[in-house]
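One-based numbering, in listed order, for ligands and for the atoms of each. Just so you know, these numbers use all the heavy atoms, side chains as well, and skip hydrogens, waters and symmetry mates. Index from 1, following the sequence.
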Amino acid sequence: MSNDSRLFRDRPLTRRRFLTYGGLGAAALGIAACAGTGLPAAAAPDSATATEAAAAASGLAFRLTARKTDLPILPGKATAVFNYTGEVLQGDPDAVTAVPGSYLGPIVRLTRGQVVRVHVRNELDEPTNVHWHGLIVPAAMDGHPSNLVDPGTETTYEFAVRNRPGTYWFHPHPHERTAEQAYYGLAGLVIVSDMDEAALGLPSGAQDIPLIIQDRRFDNDNQLVYIDSGMAGMMDQMMGLLGDRILVNGQPNVALPVATQPYRLRVLNGSNARIYKLAWSTGAPLTVIATDGGLLAEPATFPYVMLAPGERVEVWADFSQESVGSQIKLLSLPYEGVEASSMGMMMDEPALPNGAAFDIMSFDVTTAVESSAALPATLLPVEALSTAAASNGAVPRTFVFAMDNAMNWTINGRRYVMDEVAEDERVRFNDTEVWEFVNQMDATAAAASGMAGMDHGAHMQHGAAAMPASSMKDFMAHPVHLHGIQFQVVDRQVDAAQRAGWETIKDGLVDQGWKDTVLVMPGERVRVVMRFDGYRGVYLIHCHNLEHEDGGMMRNFEIT
Ligand code: C2O
Ligand code: CU
């Protein structure tokens, strides 16, 4: 089944999704109401071409249903999963397509400037909601944990597509339940296109391949295993769940047949806590054409690429020089500096720790074709944000990601509180600011506090002596994600004590272009710059290690 290329190739696409579908214009969707509140109107303001204005008038409406079901993942017995199914109600019927054979949600194809209405139906027996990761949407449409869809009900999300062409995704965001709902299968890809991108002639249709990489744990009965109670579960909760089976688009042992031509690979790390060090088995560099916020100004090559949970990277993979019969693997190379280096001291080492080497999938060259596709020298313009324009340029707004003495994951010493926005978590609409994310190392405090303050007291009594708290908290990486905004990375600094591990990953940090999630390694500080020109309202900043997020390493921030 994994050899079946159909699973990855939905259908030949024209990529020209600019037809007009009647009756679903911006006004019909009520988006015009935004104008009255002073919020940006439907079309992308910085590239509102006539074509995109026309696209705005050709809306898309679809239903997304979250339900429990059984689907085959491993050979043999089907697996109980949570699953999104999609159904187009109005607009291009091919805009929402299931990935055949996958327990993951459908791929949603949007056009920049388009107006979208999504009816989210919850057939689970717990509340859920949908966050459009990376998309700039009004706060009320963003899947804030205070906006839930109760079991048996339906909620409507409406927004205009303002993002640049690229790869985004969607997943649930209920407080303390994001990790488990995503783990059981609630995640899907969003692909944004526009005319400027189409003009580049990048590989499309069957040569445009989404690759959602995840790690999962299965029991002997093919059932997903999440976090159990007891000592091992406590560790997973603290560090984030690491599975020992690598799935690509929901399938194990993927071998994808390819032809001797270039492909556009859209890679999403949809794992809860695993960080990949992506590399080709040939030793060739990876050619990156897009990051979280879409296409780069120009392609960039890396010996390997670090991809943390939530991040996306698009790779130009050219098999035209390969011979039929050859096999090229996509690997995750070994690295140091994340918790793997200290795991040996702990009781329950994951079977496949972060930093371990493994194969992700293979590309099997099966067909010779003539292809004239060439990598464009330039892609799409990226406006460079300047720190000089920042209202706080000299003094960045700092967010410290750390574990407190009670072993809770915190941001600036605070845990998530649903309706709380602190004074230093408010920014002004349209301001440009520099923020600094600090992955704080505090070994002394950790050693001193020991296990005494654990709030999982009952579980901990038993294992306390065997588990050095300091090593655990000192070696956690935090992929920092912001809602409602795309930012640019300014620079990075790393503590001398953590430099050795960092050196094993630094050449794979893709800091070009627009980002919404950035890996902050142990002992590292990352400065980013952004302009709050999306929408006003309450958004989230959190660690995209989903167990850290659910554990409270999340805060509201408000654009006022
Ligand atoms: Cu992909 Cu707030 O998350
Ligand atoms: Cu984290």
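Judged purely by distance below 3.5 Å, without hydrogens or angles, the side chains of D292 and Q486 never pair a donor atom with an acceptor atom. Between the side chains of N269 and S271, at least one donor-acceptor pair of N or O atoms lies under 3.5 Å. Residues T291 and Q512 bring no donor and acceptor atom of their side chains to less than 3.5 Å of each other. The closest side-chain donor-acceptor pair between R109 and T97 falls under 3.5 angstrom.
Looking at every heavy atom in both residues, P145 comes nearest to Y416 through CG-OH, 3.5 Å. Of all heavy-atom pairs spanning L519 and E524, the tightest one is O-OE1, 3.7 Å.
Under 2.8 Å from atom 1 (Cu) of ligand 1, one finds the following protein N/O/S atoms: H133 ND1, H171 NE2, H544 NE2.
Around the Cu ion (ligand 2), protein N, O or S atoms at a distance under 2.8 Å total 3; waters are neither shown nor counted.
For residues 539-560, the pairs satisfying ring-ring contact (aromatic ring centres under 6.0 Å, His included) are H133-H544, W169-H544, H171-H544, H173-H542, W409-H548, W435-F557, H478-H548, H481-H542, H481-H544, H483-H542, H542-H544, with sequence neighbours left out.
At least one cation-pi condition fails for R216 and Y103: the charged atom is not both under 6.0 angstrom from the six-membered ring centre and inside a 45 degree cone around its axis.
S146 meets the side-chain hydrogen bond (donor to acceptor under 3.5 Å, both in side chains) test with H144; sequence neighbours excluded.
No other N/O/S atom of H542 lies as close to atom 2 (Cu) of ligand 1 as NE2 does.
Remark: aromatic rings of Y304 and Y335 are distant, center separation not under 6.0 Å.
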